[in-house]
Amino acid sequence: MDDFISKILQMDEEARKMDEEAQAEKIASHAEVMKKRREVYDEYLESAKAHIESYKAAETKASQASWKKTQKHYDDVSRALAKKFRDNKEKWVEEIVNGVLSYNNY
């Protein structure tokens, strides 16, 4: 009978050890999953940051090119207007003066 009781106690002790090992494995597995999850998240975040920086650089370059094109257009228009003014200044002044003088004659 004592042998039977000691066998039961031994089996209970082994079952407790197995349960403790299973709990430890569960905790370790959970920790590993959390670690892997963090690694995947960090990799995704780094990839997203790299993509954003690449997109930002491309947009900055495109924006600068657009600005240069716009600036050139307005510089060309400004030069054309300045030339037109230089070429027609005397004529325009004369037309304005004659227009004002002729208006006063009525």
Spacing of CZ belonging to R86 relative to CG belonging to L81, to within rounding of 0.5 Å: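 Atom-to-atom, R86:CZ and L81:CG are 11.0 Å apart.
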Interatomic distance, E25 atom CD to M18 atom CE [nearest 0.5 angstrom]: 11.0 Å
Which ILVMFWY residues can you reach from [X] by hopping between side chains whose heavy atoms are under 4.5 Å apart?
X   : value
Y41 : L45
I52 : none
F4  : I8
M34 : none

Residue pairs passing the salt bridge (charged side-chain N to carboxylate O under 4.0 Å, His left out) test where at least one lies in residues 3-19, sequence neighbours excluded: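 The answer is D12-R16, E13-K17.
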Pairwise salt bridge (charged side-chain N to carboxylate O under 4.0 Å, His left out) hits with a residue in residues 61-70, at least two apart: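 Matches after skipping sequence neighbours: none remain.
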Ignoring hydrogens and angles, write down the donor-acceptor pairs under 3.5 Å from the side chains of residues 88-101, residues two or more places apart or on other chains.
unit_1, atom_1, unit_2, atom_2, d
N88, ND2, K84, O, 3.0
N98, ND2, E94, O, 3.3

Listed partners of D87 passing side-chain hydrogen bond (donor to acceptor under 3.5 Å, both in side chains), at least two apart: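 For D87 the side-chain hydrogen bond (donor to acceptor under 3.5 Å, both in side chains) partners, ignoring immediate neighbours, are K83.
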Pairs flagged by side chain to side chain donor-acceptor pair (under 3.5 Å) wherever residues 70-81 is involved - sequence neighbours left out: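 Side chain to side chain donor-acceptor pair (under 3.5 Å) check on residues 70-81 returns Q71-D75, K72-D76, D76-R79.
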Any pair counted as side chain to side chain donor-acceptor pair (under 3.5 Å), so long as it reaches residues 43-58, sequence neighbours left out: none
Under the side-chain contact (heavy atoms from CB on, under 4.5 Å) test, residues paired with E20 that sit two or more places apart: none
All salt bridge (charged side-chain N to carboxylate O under 4.0 Å, His left out) counterparts of R37, not counting sequence neighbours: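 Partners of R37 under the salt bridge (charged side-chain N to carboxylate O under 4.0 Å, His left out) test: none.
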Check: K26 and H30 side chains under 4.5 Å, non-hydrogen atoms: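 Sidechains of K26 and H30: no contact.
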